[in-house]
Amino acid sequence: MNLVVVESPTKCRTIQGFLGPKYKVLSSYGHIRDLPKGELGIETENNFKPKYVIPLKARKNVNILKKEAEKADSVILATDEDREGEAIAWHLAQILNLGDDKNYQRIAFHEITKSAIEAALKNPRALDINLVDAQQARRILDRLVGYKLSPFLWKKVARGLSAGRVQSVAVRLVCEREREIEKFKPEKYWNIEAELQSQAKSFLAKLVKKDDKVIPKLGIKTKKEAEEIVKNLKSAEFKVNSVEKKEIKRNPLPPFITSTLQQEAWKKFHWPAKFTMRIAQNLYEKGHTTYHRTDSLNIADLALFGAKKFIEENFGKNYWAGFLRKYKTKVKGAQEAHEAIRPSYSDKTPEKLKIQMKLEDNQFRLYDLIWRRFIASQMNQAIFDSTTIDIAAKNYTFRATGQTLKFDGFLKVYLVKYEETELPALKVEEILELLKLIPSQHFTQPPARYSEATLIKILEENGIGRPSTYAPVISTIQDRNYIEKNEQRKFRPTEIGMVVNDLLVKHFPEIVDIKFTAEMEKDLDKIAEGEKKWIPVIKEFYKPFAELLKQKEQEISKKDIAEQKTKKICPKCGAPLLIKLGRFGKFYACSGFPKCRHTAPLEKNILGIKCPKCDDGDIVEKRTRRGKLFYGCNKYPECDFALWDKPLNEKCPKCDSLLVETKRGQIKCSNKECDHIKP
């Protein structure tokens, strides 16, 4: 009997079906050893030796694995082929006493198919200790930053805060973007379009040049300038100066890697990265797709030939690219041994798989996205007929552009945005009829706030974090109430997020420095490649960090950061009130704490609406312990009135309850039994 150990119970069942009775497949249920939760767990004076423990929830399963390993003729470690998976295999080898008195093998595969599993069994390899060291170094670094810097924030700002090597950089990016938006001053500019006609067909052309010089975006700044141009052109003759026609070819996008899958799932479905990864994990474990934590664009030749066959049989030979498309990875430090995310079998269309395997709706949607992107990546280019027409009017030049789809190519499978504009067939020197001139005012726009997709993209572009870190980092900084989503699902920093970021930027610049964090990622990559040893890398970081932390403990006072004096008096004991900073923002608190525990919301959080339940209190903006915004009576606990949607100072015409505004902007009655919705 051969024991095969994988990470996931779902994967376990799938692989057992391939291997038959000579193998027993069991799951480790993820990590079986980790650093302890209640202490640092690292001997900083002893070469950063980690103290690993078996978590309580894993102990029962570890005992089962030990018993089965003792009975087995050989043990096969089949955890994922990345740093985390390699580390799990190493921990398993340690706990199960493999190597010294028990024969074991390490196998790895990128897809859960019978052929991939059989190929892996024929080609076992040794444990890659460099990958183990890289994972261990990352874990120790993150523990040192988290367990040393987080208590500092508790003491100097507020309890419940945390800092992290990657998460603090992500918060900084959001905070800096918000400050750019705050400082932004919009500038006015004008565009002028001409509606022209030829052969009973009208079209629009935009003013682009004056005296053969390009008019820049902000070239026409005032209404007066625009009106003068319009006045000057009303009597002008509009004559076709040039007609340029050409074919434009558009290439398909590469198959997904982790970051691009998360970005596209956000754009198409508004799925958070954490949710996308959960669905992708499920598809992988069931054998439908390849491994989903990857930054490589490599594709196995067998899969490429499978895609070629499918495309030619289902769409025609002219839809295949004519060669096997191979893409070059642009991500820094990508693990090229992995594959991109693709379907396990090209001929398993989403519709077929949904019926055969009874995919849930979300599984179907994500598989459909992955399948289409991969098949499209091996298809022919899309071809457009593009036309550019320049029209002369006095000393001005107008330009009209149009394009029509000539051959859909990969767009037949994977639709990307494009505009079709058909222009009339015009000839050089042709005189056009001016129907009207259209001046329009515009304003420059501030930089956009980050969405999940764009935040992941900027982290990846700067080499911060790795595929496995994006989802938990974005989830953590929301859970900590450092950033939140607005009505457009874009990130903005909270009050506490700004304070913590400013503190770290001022006093711990390296921790939140983008270049420094990216360099640390490069060092981790070099450890994985065997070019560096992990202990010197940790030592080089930790010594100056520990000295700086000790210095800042003495320099920084909590009163300077988290307290502000006011002229207000506590209504309970008469002591002065302070504005204090808590995990969920600022509030009034009595300076006589802990003898007097009076607190009150700031005026900006009072909505000016009387509580409809007790008629005595005011409705104020509040947050739950987990940071979720709600609206409740300030007389709590005497009055427990609360709403999730923002109340308006307006009554329902049907039942006289308060009207509320939902996050999507809908105004409706707060009474669940009333169906009134304001048009």
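Here, residue 1 is the first one in the sequence, and each next residue gets the next number.
- Ion pairing of Glu70 with Lys67 is absent here, as no side-chain N (NZ or NE/NH1/NH2) approaches a carboxylate O to less than 4.0 Å.
- More than 12 heavy-atom neighbours from other residues, nucleotides or ligands sit within 6.0 angstrom of CZ on Phe630.
- The side chain to side chain contact (heavy atoms under 4.5 Å, CB included) test applied to Asp80 returns Glu7, Lys11, Asp82, Tyr284, Tyr291, not counting sequence neighbours.
- Residues in residues 123-133 take part in these side chain to side chain donor-acceptor pair (under 3.5 Å) pairs, two or more places apart or across chains: Glu86-Arg125.
- Residues satisfying the side-chain hydrogen bond (donor to acceptor under 3.5 Å, both in side chains) test with Lys485, not counting sequence neighbours, are Glu452.
- Applying the 6.0 Å contact sphere to CD of Gln356 captures more than 12 heavy atoms from other residues, nucleotides or ligands.
- Under the rule for a side chain to side chain contact (heavy atoms under 4.5 Å, CB included), the partners of Leu643 that lie at least two apart in sequence or sit in another chain are Phe641, Pro647, Val660, Ser670.
- Side-chain atoms of Tyr52 and Gln136 form a donor-acceptor pair, as typed in the model, at a separation below 3.5 Å.
- Under the 3.5 Å distance criterion, with hydrogens and angles disregarded, a donor-acceptor pair is assigned to the side chains of Ser8 and Glu285.
- Neither side chain, Gln403 nor Asp385, offers a donor N or O lying under 3.5 Å from an acceptor on the other.
- Checked against side chain to side chain contact (heavy atoms under 4.5 Å, CB included), Arg365 has the following partners two or more places apart in sequence or in another chain: Phe269, Trp271, Asn362.
- Listed by chain and residue number, nothing satisfies the salt bridge (charged side-chain N to carboxylate O under 4.0 Å, His left out) test with Lys457 (two or more places apart in sequence, or in another chain).
- Between Phe407 and Tyr319, the angle of the ring planes lies from 30° to 60°, which puts this pair in the tilted group.
- With Gln105 as reference, Ile76 is the one residue of Leu77, Val75, Ile76, Leu98 to meet the side chain to side chain contact (heavy atoms under 4.5 Å, CB included) rule.
- With no hydrogens or angles considered, no side-chain donor-acceptor pair links Tyr414 and Arg372 at under 3.5 Å.
- No more than 12 heavy-atom neighbours from other residues, nucleotides or ligands sit within 6.0 angstrom of CD on Glu673.
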- Task: Would you sort out whether Glu420 and Thr404 count as a side chain to side chain donor-acceptor pair (under 3.5 Å), showing the intermediate values?
- Result: CA-CA 5 Å; Glu420 279 201 90; Thr404 54; 5.0 Å; no

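- Remark: the Gln167 side chain and the Ser162 side chain contain an N/O donor-acceptor pair separated by less than 3.5 Å.
- Annotation for Glu312: atom CD counts as buried by contact number, over 12 foreign heavy atoms lying within 6.0 Å.
- Annotation: Gln94, atom CD; neighbour count of heavy atoms from other residues, nucleotides and ligands within 6.0 Å is above 12.
- Salt-bridge check for Asp368 with Lys354: failed, with every basic side-chain N at 4.0 Å or more from each acidic carboxylate O.
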